Amino acid sequence: MTRDEAARLDAEDTLAHKRAEFSIPDDIIYLDGNSLGALPTRVMERLDRVVTEEWGTDLIRSWNTAGWVNLPTAVGAKIGRLIGAEPGTVVAGDSTSVNLYKVVSAAAALRPDRPCIVTDTGNFPTDIYVMRGIAAARGLELRIVDPDQVGSAIGGDTAVLALTQVDYRTGRRHDMAALTEHAHRAGAIAVWDLAHTAGAIAVDLAGCEVDFAVGCGYKYLNGGPGAPAFQYVAPRHQAWFRNPITGWFGHIRPFDFDLDFIPAEGIERAAVGTPHVLSMSALDEALSVFDGIDLSEVEAKAASLTRMFIDLADRRLAEHDFVVATPRDAPMRGSHVSLRHSNAYPIVQALIAAGVVGDFRQPDVARFGFAPLYLRHVDVWDAVDRLVEVMESGAWRDPARAVRNAVT
Ligand SMILES: Cc1ncc(COP(=O)(O)O)c(C=O)c1O
C-alpha cells in the first residue's frame, strides 16, 4: 500500500465529508478517539447557547422550556439507534461504572438461586472492580476466565454473563449474538459493556436479545471529557428491573416529593439523580453528527482503516520488534489496533511529540484508535511513517520520554 493508494481509498470514502464536522488541529494525527473522541464543532455553539441563554438568562425555567429534564431519555434515544436498541430502552447519565453496578446488580437479582457471575480477564478493570463489589455484597462468586474460555465457563450456576464486547487493550471483539444465546440457553442473563463499540461498530442489541448493556459517551460518541454514560434495559425486563440506587429521578413522579419510592414505569427508572445538563447537552449535540449515518458503513470504514494499519505494521514495523496484538480477521476486532513492544511507553510519548497521538496501556501496549468519522487512510499511512521515523531516529530513547504521566 502506497500513500497514493491510501488517498484513493479516501477519495472513494462515503463518510469523508464527516471530517469537516470536527475540530481537529491541523498539526496532529489523532489516533485516540477510542479514549476521548474529537470535538464536533457544533458542540461549541450548543454549549455557548446552553450557558449564556438557557442557564444565564432563562435560569431554572430551562428545565421545562429548554427540555433539560428530558435530556437523559432524548440522548438515550439517539444512542439507542446506534446500538440497535428498541425505542424507550436507553437512558443517558451517570458513569459506565455506576451504570454497570446498576444493571449487574439488577441482573443478579433476576437469578437469585444462582451463585456465579462470569466475566473475562480482557474486561476493563472498572468492570471487574464493580463486579467484585457486587459479588462480595451478595455472596456471589465472580468467575474471571480467559476470553476464549467464556463459553465453557457458563453453566447452570451462572446468574450473569457480563463482558465488554471490544477488549480495551487488544481490540479483540466478542461474538455478542453467539455468547448471549449461549448464556440464555444456560438460563443466565447477558450484560454487555459497549464502551469500545458504540459509534464505531454496528450492534443489534434487540436482534441479539441482550438483556442489559452500558457504555461510554466520551469515546466514539464524541460527547467530551467525562461525558455521561448510557444504559440499556431490554423491554422484557423493564417492569422487573430493580435499580439498586433508588434516587428521585428514577421515581415515577419526582416532583410529587413522595416519601415512598415508586419506580418510573419505563427506562426512566434506571436514572438516579439530577442530569448533568452541561455535559449532557454536549453529548446530545455530538450525537447529531451521526444523523442519517448507517453504522454498518462506519464499521466497514473501521475495518478498512484498521486493516491498513495492520498491513503497514506487518510490513514496516515488525523489523522494529512490534507485534500486532489485535485480531487480523475484521469481524473479530473493534476500531483500534494494539502493538506490543517492550519500550511501548517511551515510544508512544516520542510519537506524540512527533504529532501522532495514541496511548499506552500496561504492560507493553501502544494503542491506536481509528475513529471512522474523522480519520482518513492517509492519516494511517502518515502515522506509520512517523512511527518508523521515531524508531529509526531513536527519538524514543530521550530520557524525557520515559517520564510517566498520571494519564498514559
Ligand atoms: C470497557 C470500559 N468500561 C468502562 C470504562 C470507564 O468507565 P467510566 O465511565 O465509569 O469511567 C472504560 C474506560 O475506558 C472502558 O474501556
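Note: hydrogens, waters and symmetry copies are ignored here, and every other heavy atom, side chains too, is used. Note that ligands are numbered from 1 as they come in the structure, with each ligand's atoms numbered from 1 the same way. If you're wondering where the values come from, they're calculated on a predicted model, not measured in any experiment.
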So, Asp291 and Lys78, do they make that salt bridge, N to O below 4.0 Å? no
Would you mind listing which atoms of ligand 1 come within a distance below 4.0 Å of any non-hydrogen atom of Ala195? 1 (C), 2 (C), 3 (N), 15 (C)
Can you tell me which portion of Ser97 lies within the under-4.0 Å heavy-atom range of ligand 1? Options are side chain, backbone, both, or neither. both
Is Glu265 atom CD crowded by more than 12 heavy atoms from other residues, nucleotides or ligands, each under 6.0 Å away? no
Could you tell me whether the side chain of Leu312 reaches within less than 4.5 Å of the side chain of Leu317, counting heavy atoms only? no
By number and element, which atoms of ligand 1 are closer than 4.0 Å to a non-hydrogen atom of Ser95? 9 (O), 10 (O)
Going by an N to O cut-off under 4.0 Å, is there a salt bridge joining Arg173 and Glu299? yes
Measure Asp127 to ligand 1 on non-hydrogen atoms and call it side chain, backbone, both or neither using the 4.0 Å cut-off. side chain
Name the orientation class of the two ring planes belonging to Tyr374 and Phe22 (parallel below 30°, tilted from 30 to 60°, perpendicular beyond 60°). tilted
Note: Tyr218, heavy atoms under 4.0 Å from ligand 1, region reported as side chain
For ligand 1, which atoms sit closer than 4.0 Å to a heavy atom of His196? 1 (C), 15 (C), 16 (O)
Numbered in order shown, the ligand 1 atoms found under 4.0 Å of a heavy atom of Thr126 are 4 (C), 7 (O)
Is it true that Arg49 and Glu45 have a side-chain N and a carboxylate O under 4.0 angstrom from each other? no
Around Trp55, counting heavy atoms of other residues, nucleotides and ligands shown, do more than 12 lie under 6.0 Å from its CH2? no
For ligand 1, which atoms sit closer than 4.0 Å to a heavy atom of Thr96? 4 (C), 7 (O), 8 (P), 9 (O), 10 (O)
Any nitrogen or oxygen of Asp193, main chain or side chain, under 3.5 Å from a nitrogen or oxygen of ligand 1? yes
Run the numbers for me: atoms of ligand 1, each under 4.0 Å from some heavy atom of Lys219, listed by number. 13 (C), 14 (O), 16 (O)
So does Arg19 pair up with Asp379, basic N to acidic O under 4.0 Å? yes
Proximal ligand 1 atoms for Thr164, defined as those under 4.0 Å from one of its heavy atoms: 1 (C)
